[in-house]
Amino acid sequence: MAQVIQLVRSMTLFLAVLFVLSYVATPISAVKHENFKTCDQSGFCKRNRAYADSALGTSSWSAPYELEASSLSFEKGKLSGTILKTLKSQEKVKLPVTITFLESGTARVTVDEEKRQKGDIVLRHGSKVNPKRYNEAESWAIVGGLKVSEGAAIDKDAAPGETRILYGPGSKFQAVIKHSPFSLEFKREGVTHVKFNDRGLLNYEHWRPKVEKPAEEKKEGEEAAAEQPKADEEDESTWWEETFGGNTDSKPRGPESVGLDISFPGYGHVYGLSEHTGPLSLKQTRGGEGNFNEPYRMYNADVFEYEMDSPMTLYGSIPFMQAHNKDSTVGVFWLNAAETWVDITKKSSSANPLSLGVGTHTTTDTHWFSESGLLDVFVFLGPRPSDVLGAYADLTGYTQLPNDFSIAYHQCRWNYVSDTDVKDVDRKFDRFNIPYDVIWLDLEYTDEKKYFTWDSNTFPDPEGMQDQLDDHKRKLVIIIDPHIKNTDSYKVVDQIKSKDLATHNKDGNIYDGWCWPGSSHWIDAFNEKARQWWAGLFQYANFAKTRPNMFIWNDMNEPSVFNGPETTMPKDNIHHGGWEHRDVHNLNGMTFHNATYQALLSRSKEEQKRGGVRPFVLTRSFFAGSQRLGAMWTGDNLASWDHLGAAFPMILSLGITGFPFAGADVGGFFGNPEKELLVRWYQTGIFNPFFRAHAHIDTRRREPYLLPEYERQIVTQAIRLRYSLLPSWYTAFHQASVNGTPIVKPMFYEFPTNEKAFEVDDQLVIGSTGLLAKPVTKEGFTTVDVFLPDSSSYFDYFDYTVHKGPGTKTIEAPLDKIPLLMRAGHIFPRRDRPRRSSGLMKRDPFTIVVVLPDNGDATGELYVDDGESFDYQSGAYIWRKFSYTAATSSLSSEDIGTAGKKTPDYLKTMKNVRIEKIIIVNAPKAWKDKKDVELAVEGGSSSGGSSKVPLTFNAGGQGKADWVMVRDPGVPVGSGWKISFA
């Protein structure tokens, strides 16, 4: 018997090794669709789609859900009651419902199931899992915005069979709850914008015991036929267990999916549901030319070589959607962490076909369904995109204000093979005068893929490596994943076992799966004790040979399990609290990201005494709220033009779903980009909020200094452009951290009333700078067509060529040209002195660029702090507003920050950081003969309160704008001042 067991173990090991080897092989084609479910292969998805087909295909359909009028109560902004689901047997299933009206104007609809809520069910297989529907997603995703409105009130003029609630600013919002069948309408100023269950697709799969059916007798030699439901019966084939890819999912609680149709009458475009490839404006999913045949799927997974233009799941899930038309934006947030699918269809009609000038009225219908958990939906009534995103950000949190190094250039590959290799790359960047801030180590730095260790053969001196980087204010980022190698003499795995801190399998034992180290266990970051233990591992005293300039990369945290179903963890695994993995799957990556973020906050008591250092933790997997913890990237892309073109829509979508600190691997992770592609990718990558080059272990080395001289100089100039504009980027990050504004904005967000902008997703605007970027993303192209949405003047960033909107303009873009325009009416800051890293720029002077309209004003902002501590929370920052006023021909700087206890000390450290240049594009010709301007500094000066500063006028000509330079006004960046050009 022992020999048999050993043989089985050997075969298992052999097969697992083959799986891993196949996983890391150099890619040839594309995603292996057979590894991932279609809707038809996902039991609850197939059931909910069939339910929709049945309901919408039956003229006499009536939804079996009604709100029990006698159960209703309204108190302090909350309407509570019971929805009754009527079964075919006429039995009533009770579904408690709460509709909460928040002070922000957001409404929340939560539906539970009474029997599961009370735990009054019998679990199959003697399972010990939590019998309730998962109700803890809020504790991870929601951090604020839940203050209940005291002004919400019942509308006493409601029609019979309805309940109406007035709420929101000025009571302009209205919720209309129809009792039978149960449905909701959300109105703004009397107009309906969002509907729930208007099409009758609400489907709450209630608990029921499994009834064992007697097996039919078969004649000798007759094979058993697959059990098929009768015409009037439900399909129970996936209620109790489900098999895919050789893995069987036991379902101790039986079927428990939740589904709901949400309609947006009058809205032709919907956005969100990150993360997917495809256009920013989401496609229909029920077939037809140019549409998808599958719903958008949200089930975080390690999708190897993901494909373009697809609703397939990817690494992260944000179940937040915005609907938009030229007059309004509204949105919904589906708070559910289980596997979720969303169907989208549209229908058009004319309000009155006989009326001239009446346009087409489009309604977008969506159908959402999740495998388990509560039905918990937030509704945002806008009316502007910023209102919707702001309200969502109030709930789930704003992006963290990052370290300044993290928004500069990152250099990465799998793998830099030794500490001498890292040092050599570091020196070569300097030799070729290419700035960078961070170098990364993938998993080969470890001792046999054991995290928190160093390979002593290849990394004998990690401290010396980090010290060399620190000489030029550079950082090191190393990878640490959630899988812990199951091996002897490894204290980390010994502790995770002895302290019982790992995820369990359905039998209650520590789950064992396969990932990069082979046999592995997974930290259960839902467990507070596990998170505390994890934090201890990162302390300098415990993580040998690490320095303060070392930060972390969390990969594979979907979680990726090579031998698991759909390359992830079995759904019937058990987490802390008795919750099944199916309940929390899309949250898993966020909990691990959070554990690492908290760990970096407590690496040493000395750092904590000084106020702490902002963590930097990159994640691949994410959920709503992950933006509070750091950056993400779009995963393992390919070195292809298609993947380059897909990056902008993906990053723009993430920005408007609340996760703006996003980027795509420059150059493509898989494959070897040709020179043109690599150059164009850098020219695109500099406009990603997270700007990192990365490559697979089997690719050729492609550090930018390895390019031929011509291409190298082009890439170097692109990277330097990013560094020059870092003050504008950091200001945009600050804006995102205080109000949720996207760092890079799609055109519809910036110009919400222009219908031609609604589908534009290959160009973007950086923060509030007015900088409009449209890089080349197609092979061989030397021009781009830039959409200018308004009548403003746009000026080429480099030579001030004038482009007048509105309309589409063709702009020359040879290989050495980045199409970047400046919109009139904006002011933005930059730093023009080239440095080796952003850390060496901290005391450099600023240049202020003013882009004037022909007749009008211009405004802009600058935010700056130390870029590393949390002192800004106590006032240690400078936040200035720059204003040019045409009526007085003057430019001024005013403080728009709020002073705190650390403001005076910070201003002292910045007293010698000055404004070096002021460049004014499209300068009035009346200034042509001016030789100087009058400068007045806040608080006066030794020369009677004002001084003269030289001005140089530069004539444009040949389609280029005139411009002036005010050289070295000498004012500290933190002071108030005014320059008069009159």
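The model shown is predicted, which means the values in this text are computed figures rather than measured ones. As a basis for the values below, the full set of heavy atoms in this structure was taken, side chains included, without hydrogen atoms, waters or symmetry mates.
When the options E566, E371, E256 are evaluated for a salt bridge (Lys or Arg N to Asp or Glu O under 4.0 Å) with K571, the one that passes is E371.
T657 places a side-chain N or O within 3.5 Å of a backbone atom of S653 that can act as its donor or acceptor partner. Using modelled atom types, one side-chain atom of S310 and one backbone atom of M312 make a donor-acceptor pair closer than 3.5 Å. Judged purely by atom type and a 3.5 angstrom limit, Q627 uses its side chain to pair as donor or acceptor with the backbone of G397. Of the possible donor and acceptor atoms, none in the side chain of N197 sits under 3.5 Å from a partner among the backbone N and O of S183. Checking side-chain atoms of E779 against main-chain N and O of L677 turns up no donor-acceptor pair under 3.5 Å. Distance alone, capped at 3.5 Å, is enough to place a donor-acceptor pair between the H276 side chain and the R297 backbone. The backbone N or O of H269 sits nowhere less than 3.5 Å from a side-chain atom of N325 that would complete a donor-acceptor pair. Remark: side-chain polar atoms of T340 are paired, donor with acceptor, to backbone N or O of A338 under 3.5 angstrom.
Counting heavy atoms from C-beta on, the side chains of I262 and V377 come closer than 4.5 Å. Put simply, the side chain of I656 reaches to within 4.5 Å of the side chain of Q322, judged on heavy atoms. Put simply, the side chain of H193 does not reach to within 4.5 Å of the side chain of F186, judged on heavy atoms. Proximity of L629 to F622: side-chain heavy atoms (C-beta onward) are nowhere separated by under 4.5 Å. No side-chain heavy atom of S372 sits less than 4.5 Å from a side-chain heavy atom of E339. D198 places a side-chain heavy atom less than 4.5 Å from the side chain of D261. Considering only heavy atoms from C-beta on, P559 stays 4.5 Å or farther from N557 through its side chain.
For K346, there are no side chain to side chain donor-acceptor pair (under 3.5 Å) partners, not counting sequence neighbours. Residues satisfying the side chain to side chain donor-acceptor pair (under 3.5 Å) test with T192, not counting sequence neighbours, are E185. In this view, K347 and D365 satisfy the side chain to side chain donor-acceptor pair (under 3.5 Å) rule, not counting sequence neighbours.
In this structure, R582 pairs ionically with D249, as a charged nitrogen and a carboxylate oxygen lie closer than 4.0 Å. A salt bridge between E34 and K32 is absent, with no side-chain N of the basic residue lying under 4.0 Å from a carboxylate O of the acidic one. For R253 and E580, the salt-bridge test passes: some basic side-chain N is under 4.0 Å from an acidic carboxylate O. In this structure, R620 pairs ionically with D302, as a charged nitrogen and a carboxylate oxygen lie closer than 4.0 Å. In this structure, E205 pairs ionically with R47, as a charged nitrogen and a carboxylate oxygen lie closer than 4.0 Å. Taking the charged nitrogens against the carboxylate oxygens, K251 and E241 have no contact shorter than 4.0 Å, which rules out a salt bridge. For R286 and D53, the salt-bridge test passes: some basic side-chain N is under 4.0 Å from an acidic carboxylate O.
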Intermediate values then yes/no, side chain to side chain donor-acceptor pair (under 3.5 Å), N554 and T619
CA-CA 5 Å; N554 286 162; T619 186; 5.7 Å; no
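Below 30°, between 30° and 60°, or above 60°: for W334 and W368 the angle between ring planes is below 30°, a parallel geometry. Using cut-offs of 30° and 60° for the angle between ring planes, the Y51 and W61 rings count as perpendicular. Using a 30° and 60° split on the angle between ring planes, F378 and F333 fall in the parallel class, below 30°. The aromatic rings of F748 and Y271 sit parallel, their planes meeting at an angle under 30°, below the 60° perpendicular limit.
Atom NZ of K283 has more than 12 neighbouring heavy atoms from other residues, nucleotides or ligands inside a 6.0 Å radius.
Between V31 and V303, the shortest heavy-atom contact is CG2-CG1, 3.6 Å. Across F648 and P775, no two heavy atoms sit closer than the pair CE2-CD, 3.6 Å.
Distance check, rounded to the nearest 0.5 Å: CZ of F36 to OG of S42 gives 14.0 Å.
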